[in-house]
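Report on the structure given below.
In listed order, ligands and their atoms are each counted from 1. Nothing fancy with the numbering, it's 1 onward along the sequence.
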Amino acid sequence: MLFSELRLIEPILKAVESEGYQKPTPIQEKAIPNILKLKDLLGCAQTGTGKTAAFAIPMLQILHMRHLKTNKKAIKALVLTPTRELAIQIQDSFNAYGKNLPIKNLVIFGGVGQQPQVDALRKGVDILVATPGRLLDLMNQGHVSLSDIEIFVLDEADRMLDMGFIHDVKRIVGKLPAIRQTLFFSATMPTEIEKLANTILKNPVTVEVTPVSSTAETITQSVYFVDKPDKRKLLRHLLDELKIDHTLVFTRTKHGADRIARDLAKDGIKSAAIHGDKSQGARQRALNEFKERKLRVLVATDIAARGIDIDDLTYVFNYDLPNIPETYVHRIGRTGRAGANGTAISFVDAEENEYLLDIHKLIKRTIPIVEDHPYPLSWKSMLASKEVQRKPQKDSKGNAASNKKKVYKGGGNRRK
Ligand code: AMP
């Protein structure tokens, strides 16, 4: 299918063409016609599938056609998204696809002064992209009214839940007009998100581009078992061995992110860390330098990395494994975007074996183990990891599960 077969108006087709897109991605192919028919949509899609364009393009078209003759000054569409990075990227998409249309958009998020945002709101905005906290602040101060919203997009709903924003989201939804079009996107569908979707969508069309909680087919995944203190050396080794000149490295903690970036710098590798304690300016600067390839490595915590969109990112490292298996899916979704090939490498120490088993369960496959590397787990760690496996395990319902299921099969071969 071609974009020209999607009944898009000329100014949008031209803008899409100038982005260099050859054809719509599967989610765009399925979502755009339904949104243009004014249907509610439940989009179950992970990052990198082109989901932003899947909602931004038809929204621009609907708003443009509907308000062509009137000049109504009101916020007509709201996109709610969990992080500022993601919010900025969504605004970039509206700017790109709407560059030939007179539709105004604005992005608002916390962590920066609110006055410029208030001033911009006063001038009139058609589409507002916002993170929940700052939006609520500005609503409470009377700077934002949602009473004219015609289209509401809830992006990355599962992430809103992970980040503790779900109550804010519900409060915002409570202020929206009952008659509206709602587009709901989530990479995974935990029960609470399914419930939320059921309450805010009306007869939605469901568009599912990859099975829930699966990982993109285009991403090659591997696991390296390694002792925690050796992770630094293994990363250094692989950067050279695999000739990686551009990679994103994930870590669970802010402190860890800083330490890895510092260690890499000591080894002469240009790198920076982004996490929640860094100012918005510092984060954006690091991201820009990474995109411009002035940095070889960007180290990020999950929250900071949310929504980062980097073209041609072929490698992603999990320096440590996330304790929430869905986060693994989000992390590796940073590579292999829009059908490109990607490689995700995970370092697993003895204590993280549990997390790996949870990830296998979620993605319904076993990630291949790379045995042959210079820093294998020590016998002491292997024994410790066996101790962990011997403890009674609980399954997701809290029932004791058999230990046999949890035994880590790769470990036995690792002793040298
Ligand atoms: P998203 O899933 O919205 O984060 O998009 C992931 C990436 O895919 C972004 O860099 C988009 O610019 C890119 N993209 C979106 N739609 C297309 C398309 N039809 N063809 C090629 N790339 C696309």
Side-chain angles (χ1 to χ4, degrees), residues 1-8 12-33 35-36 41-61 79-99 105 107 127 129 153-159 183-188 207-210 212 214-219 246 248 287-288 290-293 298 300 302 304-314 316 329-342 344:
M1 184 180 259
L2 301 170
F3 275 106
S4 54
E5 294 168 74
L6 288 174
R7 296 172 177 266
L8 297 173
I12 293 182
L13 275 179
K14 282 220 169 84
V16 167
E17 198 179 308
S18 68
E19 284 300 295
Y21 299 168
Q22 308 282 332
K23 55 187 180 65
T25 64
I27 191 164
Q28 291 162 4
E29 218 176 283
K30 291 176 194 157
I32 292 174
I35 299 174
L36 288 176
L41 187 96
L42 176 61
C44 198
Q46 60 198 58
T47 53
T49 53
K51 72 180 160 70
T52 315
F55 64 77
I57 288 174
M59 281 170 76
L60 285 161
Q61 177 148 330
V79 181
L80 212 50
T81 190
T83 69
R84 29 194 169 183
E85 282 79 8
L86 199 48
I88 291 169
Q89 252 164 233
I90 293 172
Q91 186 196 31
D92 287 347
S93 297
F94 277 113
N95 284 338
Y97 313 134
K99 69 177 180 188
N105 64 59
V107 62
I127 300 171
V129 182
V153 181
L154 182 59
D155 188 34
E156 311 251 343
D158 53 348
R159 205 63 198 177
L183 315 174
F184 188 110
F185 292 88
S186 197
T188 55
V207 172
E208 201 174 315
V209 286
T210 43
V212 179
S214 82
T215 43
E217 293 301 321
T218 50
I219 303 172
H246 202 227
L248 189 56
L287 194 55
N288 289 344
F290 183 64
K291 284 184 177 179
E292 289 161 13
R293 294 189 171 248
L298 185 66
D302 293 303
R306 194 70 191 148
I308 288 180
D309 182 20
I310 300 146
D311 289 338
D312 307 324
L313 186 63
T314 32
V316 162
V329 180
H330 286 302
R331 282 183 178 187
I332 73 163
R334 304 287 107 196
T335 181
R337 287 166 93 77
N341 286 321

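Against a heavy-atom cut-off of under 4.0 Å, Phe3 is close to the following atoms of ligand 1: 19 (N). In the vicinity of Lys51, heavy-atom distances shorter than 4.0 Å reach the ligand 1 atoms 1 (P), 2 (O), 3 (O). Listed by number with element, the atoms of ligand 1 under 4.0 angstrom from any heavy atom of Thr25 are 17 (C), 18 (C), 19 (N). Counting atoms of ligand 1 from 1 in the listed order, those under 4.0 Å from a heavy atom of Thr52 are 1 (P), 3 (O), 4 (O). In summary, the atoms of ligand 1 found under 4.0 Å from a heavy atom of Lys23, numbered by their order in the structure, are 18 (C), 19 (N), 20 (N).
Listed for the Ser18 side chain is a donor-acceptor partner under 3.5 Å among the backbone atoms of Ala15. His246 contributes a side-chain N or O that, together with a main-chain N or O of Phe290, makes up a donor-acceptor pair within less than 3.5 Å. A donor-acceptor pair is defined here as one N or O able to donate and one able to accept, closer than 3.5 Å; such a pair exists between the side chain of Gln61 and the backbone of Arg7. For Thr81 (side chain) and Thr83 (main-chain N/O), no donor-acceptor pair under 3.5 Å exists by modelled atom type. In this structure, Gln91 contributes its side chain and Ile88 its backbone to no donor-acceptor pair below 3.5 Å. Judged by distance alone, with hydrogens and angles left aside, the side-chain atoms of Ser186 form a donor-acceptor pair with the main-chain N or O of Asp158 at under 3.5 Å.
No part of Glu19 comes within 4.0 Å of ligand 1, judged by heavy-atom distances.
When only interatomic distances are considered, the shortest N/O to N/O separation between Pro24 and ligand 1 does not fall below 3.5 Å. Residue Thr49 has at least one nitrogen or oxygen atom sitting less than 3.5 Å from a nitrogen or oxygen atom of ligand 1, judged on distance alone.
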